[in-house]
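Counting starts at 1 for both ligands and their atoms, following the listed order. Any value given below was found using the heavy atoms of this structure, including those in side chains, with hydrogens, waters and symmetry copies removed. Note that the numbering runs from 1 along the sequence shown for the chain.
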Amino acid sequence: MYTVPKLEDFSPASLDKAASELREALENEARSALDPKAFEEFRNRWMARKNGLLTQVNDMWLKAAPGPAKRDVGQLVNALKKAAEVLVSDAEQLASSSGLAAKLKSETIDISLPGIERTLGVRHPVLRTLDELISVFVKMGYSIAEGPEVESDYYNFEALNFPPNHPARDTQDTLFIANQERHPQRDRLLLRTHTSPVQIRTMESQRPPVRVICPGKVHRNDAPDATHSPGFHQLEGLCVDTNITFGDLKGTLDHAMKSLFGSAVKTSFRPSFFPFTEPSVEVSISCPFCGGKGCRPCKQSGWIELLGAGMVDPNVFGFVNYDPKKLSGFAFGMGVERLTMMSYNVDDIQQFFYGDMRFLEQFA
Ligand code: PHE
């Protein structure tokens with residue numbers, strides 16, 4: 001508890017020190033006089049005419065000061081009295097119950113108000129299918145390769161054995177980057193129409209044996225409708241080694257489809273054409289909804305066409321310096337949205353792109 005010291009030394013430094021100790025005590029006590037009773041005690045202790053601390057200051061500091069110091073000490077004591085008056089009246093306000101209550105009221109926060117709730121997101125259904133596909137092929141020893149979405153004509157077409165002006169290019173309605181005419185055709189940029197260019201990029205950078213899958217976004221100049229979208233996803237696969245046969249292709253895809261849709265599904269391979277595979281096939285699975293009897297999703301046919309595939313055309317090996325006499329391989333490509341529509345019985349591909357929570361929440 002603070003007591004007023006007797007002063008021996010009336011030098012300015014000693015006065016300063018005594019004054020600041022007093023002020024500190026005064027401020028501390030003012031702050032803890034929080035109810036009317038404590039305030040009353042606080043005020044009496046400091047302000048009482050008879051023997052209050054400020055009266056003691058008057059007696060022990062001012063009256064005891066030697067003549068030459070009187071003026072300085074007088075000013076100091078006056079300043080302390082003024083400061084004390086202000087602190088006391090502030091403390092009085094705070095301590096009077098209405099003052100404190102008002103202050104507390106003005107500072108309350110309602111901690112019972114609910115905060116902003118952020119719901120956890122989930123994986124988009126298309127990415128979920130892609131993850132499942134990837135895990136099926138990773139278990140078979142495939143690794144993942146990626147390539148750019150803005151591709152050159154060379155990788156998207158030429159090295160995949162689509163000669164310039166070949167009509168097969170027309171089957172992939174291509175979105176070209178503007179103002180590329182000054183470049184040679186092979187360097188002109190476009191949005192890749194399939195993930196097959198990653199086959200070329202992989203074989204350019206890696207010696208056989210190769211086993212990769214290439215997931216990614218592709219673009220075509222298609223008007224959006226229930227089964228078409230100008231942007232969608234594909235999963236490409238490529239396997240090259242010595243002695244790879246069409247039997248390996250069939251076994252691999254049959255296993256993958258059974259892993260995805262259950263061991264009861266059958267696969268069927270029908271002849272088709274792609275410039276970069278020979279022979280080429282369209283692969284269908286028996287309808288997982290009706291088991292092959294015929295229903296709406298399979299358009300009563302019992303089969304659903306899901307992917308394109310084939311044995312790598314020897315001409316493609318020529319573009320990447322692989323020896324077609326020693327090597328063989330197969331490739332396949334599938335549309336991820338289409339597979340997702342099958343898996344979750346979604347009848348409009350556009351649902352994947354609207355971002356409508358009512359649709360997406362069903363996958364949470
Ligand atoms: N790239 C072909 C397409 O988009 C699919 C495919 C990939 C076919 C690999 C054969 C081999 O239609």
Side-chain angles (χ1 to χ4, degrees), residues 126 130 133-134 137 142 144-149 151-163 166-175 190-203 210-222 227-240 244-246 248-254 256-257 267-285 304-317 319-320 322 324 327-340 349:
V126 168
L130 204 45
L133 281 167
I134 287 170
F137 285 101
Y142 284 72
I144 296 172
E146 286 182 303
E149 276 174 56
E151 252 312 355
S152 66
D153 185 280
Y154 178 76
Y155 286 107
N156 197 79
F157 290 125
E158 192 178 334
L160 286 164
N161 202 31
F162 290 80
H166 191 281
R169 290 173 174 233
D170 299 345
T171 62
Q172 309 206 346
D173 282 325
T174 309
L175 291 160
L190 45 83
L191 298 184
R192 68 178 177 191
T193 56
H194 50 181
T195 41
S196 302
V198 188
Q199 291 186 30
I200 306 299
R201 290 181 174 276
T202 304
M203 289 189 281
V210 166
R211 254 181 294 173
V212 289
I213 45 170
C214 329
K217 232 181 268 171
V218 301
H219 303 265
R220 293 193 193 176
N221 187 19
D222 281 333
T227 53
H228 294 85
S229 164
F232 57 102
H233 296 77
Q234 283 190 337
L235 182 85
E236 188 86 10
L238 173 69
C239 169
V240 181
I244 299 292
T245 67
F246 195 81
D248 296 315
L249 165 61
K250 285 183 79 172
T252 301
L253 292 180
D254 190 70
M257 293 303 119
T267 45
S268 122
F269 296 77
R270 285 187 299 126
S272 182
F273 173 80
F274 300 101
F276 41 97
T277 47
E278 181 60 33
S280 303
V281 284
E282 294 283 0
V283 185
S284 304
I285 60 167
I304 294 181
E305 206 177 283
L306 276 188
L307 43 119
M311 302 307 289
V312 179
D313 192 300
N315 286 350
V316 171
F317 287 143
F319 282 97
V320 294
Y322 273 27
L327 296 166
S328 57
F330 62 80
F332 55 87
M334 55 190 106
V336 185
E337 276 77 3
R338 207 172 141 69
L339 271 164
T340 313
I349 192 175

Is there any N or O on [X] that sits under 3.5 Å from an N or O of ligand 1?
X: Glu236; answer: no
X: Thr277; answer: no
X: His194; answer: yes

What atoms of ligand 1 come within less than 4.0 Å of a heavy atom belonging to [X]?
X: Ser196; result: 1 (N), 7 (C)
X: Ala309; result: 8 (C), 10 (C), 11 (C)
X: Phe332; result: 7 (C), 9 (C), 11 (C)
X: Arg220; result: 3 (C), 4 (O), 12 (O)

Salt bridge check: are Arg270 and Glu305 linked by an N-O gap of less than 4.0 Å?
->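 Looking at Arg270 and Glu305, the cut-off is met.
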Is Arg192 paired with Asp153 through a side-chain N to carboxylate O contact shorter than 4.0 Å?
->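 Arg192 and Asp153: not salt-bridged.
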For Phe162 and Tyr154, run ring-ring contact (aromatic ring centres under 6.0 Å, His included): C-alpha distance rounded to whole Å, both residues' side-chain angles, the deciding distance at 0.1 Å, then the answer.
-> CA-CA 9 Å; Phe162 290 80; Tyr154 178 76; over 10 Å; no
May I ask whether Gln234 places a heavy atom under 4.0 Å from ligand 1?
->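 It does; at least one heavy atom falls under 4.0 Å.
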Quick one: does ligand 1 sit under 4.0 Å from the side chain of Met334, the backbone, both or neither, non-hydrogen atoms only?
->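 Within the 4.0 Å criterion, Met334 makes no contact with ligand 1.
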